[in-house]
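Below is one structure, written out as structure tokens; the observations come after it.
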Amino acid sequence: MFGLIYGFWKYLFSKTEYFILILGLDHAGKTTLLEEIKTKYTKTPGLPHQNIIPTVGLNIARIVYEKVKLVFWDLGGQSQLRSIWDKYYADVHAVIYVIDSSDKERFDESKDELEAIIKHEKLQDVPILLFFNKQDLKEAESIEFLSSIFKSITSLSNQAASSSSSSTTSPTTTTAPIFISRSIQLQSLVALKGQGLEEGMAWLVDNLKKSSRIILQQE
Ligand SMILES: Nc1nc2c(ncn2[C@@H]2O[C@H](COP(=O)(O)OP(=O)(O)OP(=O)(O)O)[C@@H](O)[C@H]2O)c(=O)[nH]1
Ligand SMILES: [Mg+2]
């Protein structure tokens with residue numbers, strides 16, 4: 001009980017810190033993105049790209065962006081590691097989902113994972129930033145094409161938003177979908193060079209400030 005009250009007091013009176021989970025299939029470029037974030041927004045450069053290996057545990061980056069404290073958590077995307085993703089869902093304010101724009105054979109797999117994220121009850125109010133990465137590759141699909149491919153998933157939020165509006169009046173009896181209206185942004189990215197990163201960050205922070213999600217940290 002004391003922990004809860006202390007957590008709430010800390011939330012109210014300390015400078016807010018936002019937690020952002022970076023997800024996506026293996027080889028999408030999540031860790032490359034994380035290291036680029038460190039290079040671009042901290043005084044300590046991230047790892048050289050050639051030294052980055054597939055993630056098994058958790059990589060963390062802390063930055064201050066326009067006076068807002070951000071903590072990024074980068075998890076492994078290999079299929080056997082995805083079962084731990086949801087352990088973090090209750091503790092994050094936003095999700096960055098990274099897609100390899102050149103990996104055509106796995107667009108469906110990536111869409112399935114994104115759909116599970118969008119529908120997850122613990123993530124129903126968090127902004128989601130979709131980074132279509134590796135736009136420097138000649139095999140990469142265009143943003144227009146990728147937007148149409150992923151539209152069936154990203155439009156889920158809007159569909160659910162209309163049916164969930166009735167649930168606000170009788171929340172205990174609703175059979176409406178568990179996912180509700182949220183902000184989703186589609187952004188092209190070249191994580192290797194940081195191209196598109198600034199645009200994504202600006203959108204993310206703007207939406208984090210608008211977000212009403214409160215996460216109480218017990219100590
Ligand atoms: N051409 C190109 N390659 C990239 C880009 N971003 C990442 N890569 C490459 O993609 C490969 C995978 O990158 P990682 O950052 O390790 O991918 P990951 O999503 O963290 O993978 P897991 O940790 O296994 O989940 C590496 O060879 C990167 O150099 C990019 O913008 N362009
Ligand atoms: Mg990784």
Taking the side chain from [X] and the backbone from [Y], do they hold a donor-acceptor pair closer than 3.5 Å?
{"X": "Thr42", "Y": "Thr44", "value": "yes"}
{"X": "Lys30", "Y": "Leu25", "value": "yes"}
{"X": "Asn133", "Y": "Ala28", "value": "yes"}
{"X": "Glu113", "Y": "Ser110", "value": "no"}
{"X": "Asp206", "Y": "Ala202", "value": "no"}

Side chain to side chain contact (heavy atoms under 4.5 Å, CB included) with [X]: which of [options]?
{"X": "Asp74", "options": "Ile60, Asn59, Ile37", "result": "Asn59"}
{"X": "Leu192", "options": "Leu33, Leu137, Thr32", "result": "Thr32"}
{"X": "Leu23", "options": "Ile96, Ile128, Val92, Val95", "result": "Val95"}

Salt bridge or not for [X] and [Y], using N-O below 4.0 Å?
{"X": "Glu115", "Y": "Lys119", "answer": "yes"}
{"X": "Glu109", "Y": "Arg82", "answer": "yes"}
{"X": "Glu17", "Y": "Arg62", "answer": "yes"}

Set of residues satisfying ring-ring contact (aromatic ring centres under 6.0 Å, His included) with respect to Trp85, sequence neighbours excluded: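 ring-ring contact (aromatic ring centres under 6.0 Å, His included) list for Trp85, sorted by chain: empty.
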Aromatic plane relationship, Phe107 with Phe145 - under 30° parallel, 30 to 60° tilted, over 60° perpendicular: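 It falls in the tilted class, 30° to 60°.
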Distance-only side-chain donor-acceptor flag, [X] / [Y], under 3.5 Å:
{"X": "Glu198", "Y": "Tyr41", "answer": "yes"}
{"X": "Gln78", "Y": "Gln80", "answer": "yes"}
{"X": "Glu141", "Y": "Ser101", "answer": "no"}

Centroid-centroid distance, Phe19 to Phe72, less than 6.0 Å: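 Not close enough - the centres of the two rings lie 6.0 Å or further apart.
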Of Tyr88, Tyr18, Trp73, the residue whose pairing with His93 passes ring pair (Phe, Tyr, Trp, His ring centres under 6.0 Å):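 For His93, the ring pair (Phe, Tyr, Trp, His ring centres under 6.0 Å) check succeeds only for Tyr18.
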